[in-house]
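Note: hydrogens, waters and symmetry copies are ignored here, and every other heavy atom, side chains too, is used.
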Amino acid sequence: MKEEICHDDSSAPVKAQTVDELHSLQQKKKSAPNTPIKGLNQSAFGSEVDRNKQQLQSISASLASLTRETGPKVVKGDPSKQADTTNVAHASQFQHQHTTPNLNISDSSLKFTHILYNLSPADLYEQAIQYEKGSFITSSGALATLSGAKTGRSPRDKRVVKDETTSDELWWGKGSPNIEMDEQTFLVNRERAVDYLCSLEKVLVNDQFLNWDPNNRIKVRIVSARAYHSLFMHNMCIRPTPEELENFGTPDFTIYNAGKFPCNRYTHYMTSSTSIDLNLARREMVILGTQYAGEMKKGLFSLMHYLMPKRQILSLHSGCNMGKDGDVALFFGLSGTGKTTLSTDHNRYLIGDDEHCWSDHGVSNIEGGCYAKCIDLSREKEPDIWNAIKFGTVLENVVFEEHTREVDYTDKSVTENTRAAYPIEYIPNAKIPCVGPHPKNVILLACDAFGVLPPVSKLNLAQTMYHFISGYTALVAGTEDGIKEPTATFSACFGAAFIMLHPTKYAAMLAEKMQKQGATGWLVNTGWSGGSYGSGSRIKLAYTRKIIDAIHSGELLNANYMKTEVFGLEIPTELEGIPSEILDPMNTWRNKDAYKETLLKLGGLFRKNFEVFANYKIGADNNLTEEILAAGPNF
Ligand SMILES: Nc1ncnc2c1ncn2[C@@H]1O[C@H](COP(=O)(O)OP(=O)(O)OP(=O)(O)O)[C@@H](O)[C@H]1O
Ligand SMILES: O=C([O-])CC(=O)C(=O)O
Ligand SMILES: [Ca+2]
Ligand SMILES: [Mn+2]
């Protein structure tokens, strides 16, 4: 028998002598946006190194404690990998730094904080999977994450600094989302968040933009502890090009997201372990004690609701899309009423799904991504959203099969508020840049679980304003334990949780813009028909889409109308593709008395809610104010 030696040399040899060398061949030195590329072949020697230093110094300055002399020592890169020690910065708080050894030096000033700066989605996946429990790649390539104890926003834990300026400018008191805190308390919480973040081995920093309108772009920096948060904001804010990042400079606004690290209950104004604090003068936001990523998105939205009206620009909690002929539609509505679902329309260009600005030049999206509800998501009904859930997308709090990693979108085990956050370009017909001309249609969405609002009605300007200020929807609280009474929610401007000024300020701007542009208002009920929740059923998405199509095409504008009782809404008598009997909700109720009773009940709720607005003037026009007051239910 012949002795055989096994030679492993049947194919061409690799160009490496060692495994490490082989690994180094694998990764090209970079054109990733976390390293400026422009300076590479510029003659000005050391310019890239200088820029890197500046960038790190800016980050160290952001992370500086307000009570110590210097910012933390920061260094770029993952501590577990080889850190780039040529790029170390330590920003000084004071112009004249002590040169003598400081006897008060503490351990915190000796340690390095590693900065993971504008990482790519791939890098963030690896960080999340390696370091954050509950992070998994799903079968479609999305990153499944858990947001921890909070699976929704905590509006009662939001605080806004009340100082000389904001005490006059902002809306305070009953009904307002702005619960006050003082400057000193803000600084206590800021210090708490900054110290927590700097005590970590590494923090994530995102430098990004808000608002696609180039004249009103806002630079934001987000400092966070989790790759989940960094990837979420990567998707939701506008992503800078490498050149834009190189010239980023100082941010206009900074978020310190300490995530799970709680606030201190002994701190004044704190009523729980969670605090979301906005300081407009300092241009900063602090998040303590919640990992729900939506707080960052909606915190920035609040900021825009302050900054934009100062520039005569209206900020809107709305979706927005545009037809082939350039006709723009806005979709207002509270959470879960269909902004994302209905603005994502295969036959139209998507400008954005949730937050917009309306200026003298038209509309612009504030964000760079979408945040879709995914409970009961189906490929058939919402194909574009389904297909957007792929590599790069953050999937929050969904349940998946442990082996195949197929997501079960019907599973509410973690929460009903399961979400997908993806870059807007994941929708095939996204309009990039996300801007458009003045809106032609303004669609107010209400998910009416009482089942008495018509599937569609045409509104005059006063009615549009009445319903905009009311901001109605009705959802069903707990779906698990059998039938529950629907509860009406009224949220001024369809986003009372995010507005900073009195609702009538936004309403006046909307009225003026709609009047000037001749936009038509519509009220669309995406909720119940044939009875309230429990006896009726939710209006088929396919019907709602048909209605929306007919608004876009102009078909509905020219339909025949009749007026409803109580709410005085103009409803079409027929519409192609829709069974005519559903257009008037009364027809769909078997028990007409119950219908009438429920209708009056809802009318009463509207009336009660509007009482607080009765003493306010809307815009300069007295007539409009009176017309708006008269545009409510009549009985
Ligand atoms: N007739 C209908 N019209 C619109 N949406 C419907 C309808 N029937 C069921 N739905 C479901 O209602 C949900 C609407 O949620 P969507 O994400 O569009 O809310 P949203 O207004 O964007 O809220 P948020 O501001 O919280 O993001 C989706 O899950 C959608 O599938
Ligand atoms: O902020 C969130 O959690 C989701 C959202 O869009 C809303 O509630 O309007
Ligand atoms: Ca949405
Ligand atoms: Mn929203």
Side-chain angles (χ1 to χ4, degrees), residues 120-153 226-236 290-297 319 335-346 350 353-354 367-428 430 475 478-480 538 540-542:
S120 66
D123 264 331
L124 291 168
Y125 266 56
E126 288 164 3
Q127 288 288 330
I129 288 161
Q130 202 170 347
Y131 301 108
E132 294 165 25
K133 275 207 174 123
S135 304
F136 295 91
I137 301 178
T138 68
S139 61
S140 76
L143 181 71
T145 64
L146 289 176
S147 70
K150 300 278 169 125
T151 57
R153 282 178 293 104
R226 288 190 62 180
Y228 150 48
H229 290 149
S230 183
L231 183 58
F232 178 90
M233 292 311 262
H234 171 89
N235 291 350
M236 293 310 298
T290 172
Q291 299 184 75
Y292 184 65
E295 297 288 5
M296 295 183 283
K297 163 192 161 66
S335 191
T337 56
K339 293 183 298 300
T340 301
T341 300
L342 299 170
S343 58
T344 308
D345 179 334
H346 210 73
L350 179 64
D353 79 321
D354 198 57
E367 303 180 290
C370 303
Y371 195 32
K373 272 186 173 291
C374 16
I375 202 69
D376 297 326
L377 182 70
S378 82
R379 189 203 292 262
E380 294 67 39
K381 289 186 195 144
E382 302 185 62
D384 286 344
I385 293 174
W386 180 278
N387 291 326
I389 300 176
K390 58 182 181 185
F391 178 80
T393 297
V394 176
L395 262 181
E396 286 177 334
N397 301 320
V398 297
V399 174
F400 51 85
E401 205 273 315
E402 73 177 334
H403 176 65
T404 64
R405 306 286 177 85
E406 298 282 352
V407 177
D408 178 357
Y409 289 107
T410 65
D411 196 318
K412 301 173 186 170
S413 303
V414 180
T415 176
E416 184 155 348
N417 186 32
T418 53
R419 293 268 180 173
Y422 45 86
I424 189 160
E425 63 268 19
Y426 281 19
I427 299 297
L475 299 170
T479 41
E480 302 91 20
R538 193 158 180 188
K540 284 194 175 70
L541 181 54

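- A side-chain donor-acceptor contact under 3.5 Å links Thr341 and Glu382.
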Practice task
List the steps and the verdict of side-chain contact (heavy atoms from CB on, under 4.5 Å) for Ile424 and Cys370.
Solution key: CA-CA 6 Å; Ile424 189 160; Cys370 303; 4.2 Å; yes
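- For the pair Leu143 and Leu395, the minimum side-chain heavy-atom distance is 4.5 Å or more.
- Between His346 and Pro428 the shortest side-chain heavy-atom distance falls below 4.5 Å.
- Considering only heavy atoms from C-beta on, Tyr409 comes within 4.5 Å of Ile389 through its side chain.
- Under the 3.5 Å distance criterion, the side-chain polar atoms of Thr410 are left unmatched by any main-chain donor or acceptor of Asp376.
- At least one donor-acceptor pair under 3.5 Å links the side chain of His229 to the backbone N or O of Gln291.
- Residues Glu396 and Tyr292 have side chains that never bring a donor and an acceptor to within less than 3.5 angstrom of each other.
- With 3.5 Å as the limit, one finds no donor-acceptor pair spanning the side chains of Asn417 and Thr415.
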Problem - Evaluation steps, side-chain contact (heavy atoms from CB on, under 4.5 Å), between Tyr228 and Ser147 - result: CA-CA 9 Å; Tyr228 150 48; Ser147 70; 3.4 Å; yes
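- Using a 4.5 Å heavy-atom cutoff, the side chains of Pro121 and His234 are in contact.
- Between Ser343 and Asp353, the closest side-chain pair of non-hydrogen atoms falls below 4.5 Å.
- One distance of note links OG1 of Thr393 with OH of Tyr426; it measures 5.0 Å at 0.5 Å rounding.
- Between the side chain of Thr138 and the main chain of Val407, no donor-acceptor pair closer than 3.5 Å is present.
- At distances below 3.5 Å, at least one donor-acceptor pair connects side-chain atoms of Ser378 with backbone N or O atoms of Lys381.
- Between the side chain of Asn235 and the backbone N or O of Gly392 there is at least one donor-acceptor pair closer than 3.5 Å.
- A salt bridge links Glu132 to Arg226: at least one charged side-chain nitrogen sits closer than 4.0 Å to a carboxylate oxygen.
- Contact annotation: the side chain of Ile385 approaches that of Leu377 to within less than 4.5 Å [non-hydrogen atoms, C-beta and beyond].
- A cation-pi contact, defined as under 6.0 Å to the ring centre and within 45° of the axis, is absent between Lys297 and Phe232.
- In this structure, the side chains of Asn397 and Leu146 come closer than 4.5 Å at one or more pairs of heavy atoms.
- Formation of a donor-acceptor pair under 3.5 Å by the Arg405 side chain with backbone atoms of Phe400 is not found in this model.
- Contact check for Thr418 versus Lys373: no side-chain heavy atoms found under the 4.5 Å cut-off.
- Aromatic ring centres of Tyr422 and Tyr371 lie farther apart than the 6.0 Å criterion allows.
- The main-chain N or O of Glu295 is never found under 3.5 Å from a side-chain atom of Thr290 such that the two would form a donor-acceptor pair.
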